[in-house]
K.L.:
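Dumping the structure here so I can ask a few things about it.
One-based numbering, in listed order, for ligands and for the atoms of each.
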Amino acid sequence: MSAKNKDGENSTGEVIWVSGPVVKARGMRHFRMLELVFAGKDRLVGELIELDGDVGTIQIYEDTSGMRPGEPVKGTGNPLSVELGPGLIGRTFDGIQRPLERLREQTGDFIRRGTQVPRLDREQRWDFEPRLEENTDVAGGEILGVVQETPMVEHRILVPPGTRGRLTSIAAAGSYTVEDAIATVTHEKGETTLHMYHNWEVRRPRPVRERLRTAAPLVTGQRVIDVFFPLVKGGVAAIPGGFGTGKTVIQHNLAKWCDAHIIIYIGCGERGNEMTDVLNEFPELRDPRSGNSLMDRTILIANTSNMPVAAREASIYTGVTLAEYFRDMGYHVAVMADSTSRWAEALREISGRLEEMPAEEGFPAYLASQLAEFYERGGHVRSLCNNEGSVSIIGSVSPPGGDFSEPVTQHTKRFVRAFWALDKELASARFFPAINPQTSYSEYVDAVLPWWQDETGEAVGRYLEQARAILRAYQKLQQIVRLIGEDALPDEQKMTLLSARLIREGFLQQSAFDPVDMFAFPLKQARMLRAILRFCDMGRVLVKKGVPVYRVRELSSFGSLMRMKASIENEKTEEILKLQGQVEEEMHRLAREAQISEEELGTEIRSQETGGKEEGGEAEKGLEERADQMMEEHTKADLYQEAKQHDIKGRSSMTKEELAESLAREREEDREKS
Ligand SMILES: Nc1ncnc2c1ncn2[C@@H]1O[C@H](COP(=O)(O)OP(=O)(O)OP(=O)(O)O)[C@@H](O)[C@H]1O
Ligand SMILES: [Mg+2]
């Protein structure tokens, strides 16, 4: 990358117009599009986003108040880039990768505008260990050597993509700063000196050898996600949800517990105290798998609501570029962006100031392509150094009024493959995570089922089918319950409701604040679901054979199943097996009391289970059909009930259709009269 622009000098322009984050300047013809510039006497960082002859439009990543026409604009010759090398992990950066700790040291709590600090620490020394020998041929992306950056992260120093030649020197093991020369590559054009860091343009995706298909889930420890709506390593997901529905809590939970090697958390236009929470909390929290501090694998990018809007975009691109860099070393990286709607709003604001033709709801027409570009940088790849790595992206979306038909949600939906729709009603009932099982989806479900089988030895695919069918039946029964109340339902339906309650409250609902429940290992999740379904299966058979549902509900194992998420720790899943044993014992006792033979019970349950394997659960299908039938019967019964009340002659002999018609006519007449 050249350090100068077209005329070989750092050019200078002159500000002619200032409107919030947008500045126009003349004398710009020698600048490049997307060149990074320093604008005004305070040298505010900005990016040239439009060039029309001699006049350039610049978006400024800092507060422009006080800037006046006549002030200078200096070019840098380079596009907005990040520095990639040791010293990233555990840090907090602003949208243009300035380390916030350093900014604060220099300028106090309120960051002074135009402050220049090096992005990577220039003084810190790192213990470098070479991995290549002199006189070998090297190419971009290869691992030159390593630095143990934190207890959790071995930082692999990469040959910058695009560099190729013979390695004519490489530093011996020892301690170096990022600016010390550690290697020389000789090629036709001469020599290139390599350091422990290199620059990369944030808008340019880093090259990879090939894209791979993914099958391993990104384990999040959140049951509703891992089992019902999983994400894979390299997958892309969105969390749309209205105000206060739990987007940030889910993003924080994922950042804490997901099994990625590296976490990049972008706080984009949201409240600053949420970032402070992360800063305070993460160093104290331990990674459940390695026991290390969570900050040892995390990079924070803070562009909070009180920071300039244009930098929201930069923070998104900076974040995803850092993610690709660690992916290229062979790591699984997860990027959380909270919230992409604030970024979209910044695009809208800037576009408005540029007086561009707006598309839906004032957003610029390029909103969709920008979102696509962002999510496309997710993926599972073979990197240039032949390692496997991935970037998973989870973006939250904050639709105004929780209305998912707005442009940001709709466009995002086109580019993500998992959609965790948060529900206002669930959230206001304090049912968290408020992921609505009806409106959410994941296209990765089938891809991860073999992993579940290998990892836990449990038939999670079958459990999932069964649980989904119970939830669907529950949803249908809910309509009837709303009309006539639960008490009026026959016992079999009450048993379905009881089963759904176990799945919903005992499994899907998960507290982010309970020390045991906050994350669940896959084995715990699988065994919990199995034990719950065992209860549902046996209970259903017994109730069908005449055991009153209240007897099933009274069993002490019911309460234990409801509580196990918080009472049984991840490492003690054998207790879940024991609990399942207790379920079976208690159910058998009920069966004996009702004179149902062990054999009868066993046969019924087995037939349900085998039915469950292929067909998505014969028994569960039965449940759904029964719920449909109930609806039907209920409407019929209603009609007759009404007929009786009105006691109009002849109606009892009418067909259902005639009756409905006659009643409708009567209602119409009533309405006209009143
Ligand atoms: N998994 C959870 N467990 C317990 N409580 C939760 C959970 N998720 C959310 N909450 C509760 O809901 C509140 C709001 O959550 P959160 O701040 O994540 O919402 P949000 O969608 O990010 O809101 P905003 O629209 O303001 O950004 C939290 O403060 C917490 O009390
Ligand atoms: Mg939030």
K.L.:
Sort out the contact shell of ligand 1: every protein residue with a heavy-atom distance below 4.0 Å, listed by chain and number.
P.N.:
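Protein residues near ligand 1 are G242, F243, G244, T245, G246, K247, T248, V249, E270, R271, R430, F432, Q510, S511, A512, F513.
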K.L.:
Find the distance between OG1 (T496) and CG (L471) and round it off to the nearest 0.5 Å.
P.N.:
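Taking OG1 in T496 and CG in L471, the distance rounds to 11.0 Å.
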K.L.:
Under the criterion salt bridge (charged side-chain N to carboxylate O under 4.0 Å, His left out), I'd like the reasoning laid out for E575 against K524: C-alpha separation, chi angles, the key distance, then a yes or no.
P.N.:
CA-CA 10 Å; E575 287 183 23; K524 178 175 172 184; over 6 Å; no
K.L.:
Show, in sequence, the C-alpha distance, side-chain angles and deciding distance for E345 and V309, and conclude whether the side chain to side chain contact (heavy atoms under 4.5 Å, CB included) test is met.
P.N.:
CA-CA 8 Å; E345 284 158 16; V309 295; over 6 Å; no
K.L.:
Suppose we call two aromatic rings close when their centres sit under 6.0 Å apart. Are Y265 and H252 close by that rule?
P.N.:
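Yes: the rings meet the under 6.0 Å criterion.
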K.L.:
Could you tell me whether R203 sits above the aromatic face of Y317, with NZ or CZ closer than 6.0 angstrom to the six-membered ring centre and within 45 degrees of the axis?
P.N.:
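Yes, a cation-pi geometry.
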K.L.:
Between T248 and the Mg ion (ligand 2), is there a contact where an N/O/S atom of the residue lies under 2.8 Å from the metal?
P.N.:
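Yes, since at least one N, O or S atom of T248 sits under 2.8 Å from the Mg ion (ligand 2).
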K.L.:
Distance-only, no hydrogens or angles: does the S293 side chain make a donor-acceptor pair with backbone N or O of P283 under 3.5 Å?
P.N.:
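Such a contact is found between S293 side chain and P283 backbone.
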